[in-house]
Amino acid sequence: MMLRSRIGVLAGLIVWLALSPAAAQGVDDATRGAARKLGYDGVDAFQARDYVAADDKLERAYRILQAPSLGLWSARALAKLGKLVEAQERYLDVTRLPIASGDADVQQQAKVDAAAELAALTPRVPFVIVELHAAKPTDVTLTIDGAPLSTDLVGEACPVNPGRHIIVGVKGTNRVEVQVTVAEREQKSARLEFGVAPPVDATESAAPPVGGADAPDTNSTLRSVGWTAFAVGGGAVLIGGVTGVIAISKKSALDGNPRCTNDACGPSQQGEVDSYNSARTFSGVALIGGGLLAATGIVMVLTLPRESRPATSLWLTPGGAALRGYF
C-alpha cells in the first residue's frame with residue numbers, strides 16, 4: 001500500500017513540478033529541478049528508514065515548492081522522528097493547499113491521505129498544562145524548551161512532542177524552572193512555584209549576637225539546667241559513696257564470718273550476701289551516673305557566655321554573706 005502510494009506521489013510530483021509554473025511562481029527552472037531532486041531523494045531516504053535525511057531533504061524541497069505530495073511525505077518524516085506537533089501542523093497545511101495544475105488526481109489523493117493520517121496522529125500528541133502559584137500570568141515571562149510561551153496559555157493544554165521538556169518562568173528577579181516528561185497520548189501539569197520567599201540579605205538574617213536581647217533568657221534557662229544537673233549528680237555521688245561504705249562494711253562482716261570461706265557462704269548467710277551485692281551494685285551505678293550528670297552540669301555552666309544584663313547572686317562566706325553582681 002505504501003509502495004503504491006509512493007509511486008503515485010512520485011508520478012504526481014514529477015508532473016506537478018514540471019507543469020506548474022503558477023504554483024512555483026518566482027522559482028526558476030534550475031531551482032525547480034533542484035527541488036524535484038530533493039523531493040525524490042527525500043522519499044528514497046524515507047523508504048530506507050533514514051528519517052533524519054528524509055526530513056532534511058523534504059523540508060527544504062517543501063519550502064521551495066509547496067506541493068501536497070511533498071508536504072505529505074514531509075509530515076510523515078516528522079512523525080517518524082517524534083516531532084508530532086510539527087507533523088500535525090504539516091498535515092494540516094497539506095489539507096489546505098490549493099491544487100493549481102499538474103496531476104490533480106494525485107495531488108488530491110495526497111490531500112486525502114494527509115487528512116486521514118492527521119486524524120490518526122492527533123490522539124497521539126501529548127499535552128502539558130503550565131500552572132502558576134503566587135504569580136499572575138501578566139507578571140511572568142514563560143519559555144518551554146527555550147521557546148517563548150504565551151501567558152494566555154497558562155492553565156491550558158499545550159501540545160508538545162513526547163519526551164522531556166523544561167519550562168522556565170521569570171518574575172522580576174525570581175526564576176523558577178521545572179522539568180516534565182510526557183509520553184504519547186499523555187497529559188501532565190507543570191507547576192511553577194513563585195510562593196517561596198526570596199533569599200533575605202545576610203545582614204538581616206544573621207542571628208542576634210550573643211548577649212543580645214534574646215540571649216539572656218536562653219542563657220539563664222540553660223544555666224539553671226546546668227546547675228540542676230550538677231546538684232542532682234552531686235547528690236547521686238554522695239548517696240553512692242554512703243552506699244559504698246555500707247557495702248564495704250557488709251563485705252568485712254562476711255569475710256570475718258566463719259561460715260564464709262573462699263568468697264563462699266553457707267545458705268544461712270545468703271540474705272547477707274544478697275544485701276551486700278545490692279549495696280555494691282547501687283553504689284557503683286550511683287557513683288558513675290551521678291558523676292556523669294554532675295560533670296555535664298558543670299560543663300554547661302562554665303561554657304555558657306556571661307549575661308550582658310546586670311545579674312546578682314548571694315554567696316555565703318565564713319565571715320557572713322556577700323552579694324556579687326555582674327554588669
Side-chain angles (χ1 to χ4, degrees), residues 1-127 147-148 150 153 156-162 184-185:
M1 179 68 180
M2 182 67 75
L3 180 59
R4 289 199 301 270
S5 175
R6 174 177 179 269
I7 294 172
V9 169
L10 282 174
L13 183 60
I14 293 171
V15 175
W16 191 88
L17 291 173
L19 302 178
S20 184
Q25 185 175 6
V27 178
D28 56 34
D29 291 341
T31 303
R32 205 163 39 245
R36 180 167 59 247
K37 184 178 186 307
L38 272 176
Y40 297 157
D41 293 344
V43 174
D44 287 339
F46 185 95
Q47 294 294 341
R49 298 186 179 182
D50 186 356
Y51 302 120
V52 174
D55 174 51
D56 174 63
K57 295 178 184 298
L58 290 166
E59 178 68 29
R60 286 187 285 153
Y62 184 72
R63 283 202 300 264
I64 297 171
L65 298 170
Q66 294 189 352
S69 51
L70 274 176
L72 174 65
W73 284 98
S74 174
R76 288 170 175 170
L78 289 167
K80 288 294 186 180
L81 292 174
K83 299 178 180 180
L84 304 189
V85 175
E86 292 83 352
Q88 187 179 40
E89 291 302 313
R90 182 58 49 84
Y91 277 127
L92 187 60
D93 285 345
V94 172
T95 63
R96 295 171 176 173
L97 283 176
I99 301 176
S101 61
D103 192 330
D105 292 339
V106 172
Q107 297 304 323
Q108 183 59 42
Q109 184 60 48
K111 290 166 63 71
V112 171
D113 290 346
E117 293 176 25
L118 173 62
L121 175 73
T122 298
R124 296 169 51 197
V125 178
F127 291 88
S150 174
L153 296 177
E156 303 296 331
C158 302
V160 294
N161 291 323
E184 288 189 12
R185 306 175 188 274

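Computed from a prediction, not measured in an experiment: that's the story for all the values here. Residue numbers start at 1 and run along the sequence shown.
Using a 4.5 Å cut-off on side-chain heavy atoms (C-beta onward), Glu117 and Leu72 make contact. At least one side-chain heavy atom of Val43 sits under 4.5 Å from a side-chain heavy atom of Leu58.
Nearest approach of Leu70 to Leu65, heavy atoms of both residues: CD1-O, 3.2 Å. Scanning both residues, Tyr51 and Ala77, for their nearest heavy atoms gives O-CB, 4.3 Å. What you find for Ala61 and Gly39 is that their closest heavy atoms are CB-N, 3.9 Å. Pairing each heavy atom of Pro68 with each of Gln107, the nearest pair is CD-OE1, 3.1 Å. Nearest heavy-atom pair across Ala79 and Leu121 is CB-CD1, 4.5 Å. Between Pro162 and Glu184, the closest heavy-atom pair is CG-CG, 3.6 Å.
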I would like to know whether Gln109 and Asp113 meet side chain to side chain donor-acceptor pair (under 3.5 Å); could you show each step before the answer?
-> CA-CA 6 Å; Gln109 184 60 48; Asp113 290 346; 2.8 Å; yes

Output, in order, the C-alpha distance, side-chain angles, deciding distance and verdict of side-chain contact (heavy atoms from CB on, under 4.5 Å) for Lys111 and Ile99.
-> CA-CA 10 Å; Lys111 290 166 63 71; Ile99 301 176; 3.8 Å; yes

Please report the C-alpha distance between Gln47 and Trp73 in whole Å, then the side-chain angles of each, then the deciding distance to 0.1 Å, and finally whether the side-chain contact (heavy atoms from CB on, under 4.5 Å) criterion is met.
-> CA-CA 10 Å; Gln47 294 294 341; Trp73 284 98; 3.3 Å; yes

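Side-chain atoms of Gln88 do not come within 3.5 Å of backbone N or O of Leu118 as any donor-acceptor pair. Checking side-chain atoms of Thr122 against main-chain N and O of Ala119 turns up no donor-acceptor pair under 3.5 Å.
In this structure, NZ on Lys37 lies 9.0 Å from CG on Asp44, to the nearest 0.5 angstrom. Atom CG of Leu38 sits about 11.0 Å away from atom OG1 of Thr31, to the nearest 0.5 Å. Expressed to the nearest 0.5 Å, how far NZ of Lys80 lies from CG of Asp55 amounts to 13.5 Å. Here the CG-CZ distance, from Asn161 to Arg124, works out to 10.5 Å after rounding to the nearest 0.5 Å.
Annotation: salt bridge (Lys or Arg N to Asp or Glu O under 4.0 Å) contacts of Glu59 (sequence neighbours excluded): Arg63, Arg90.
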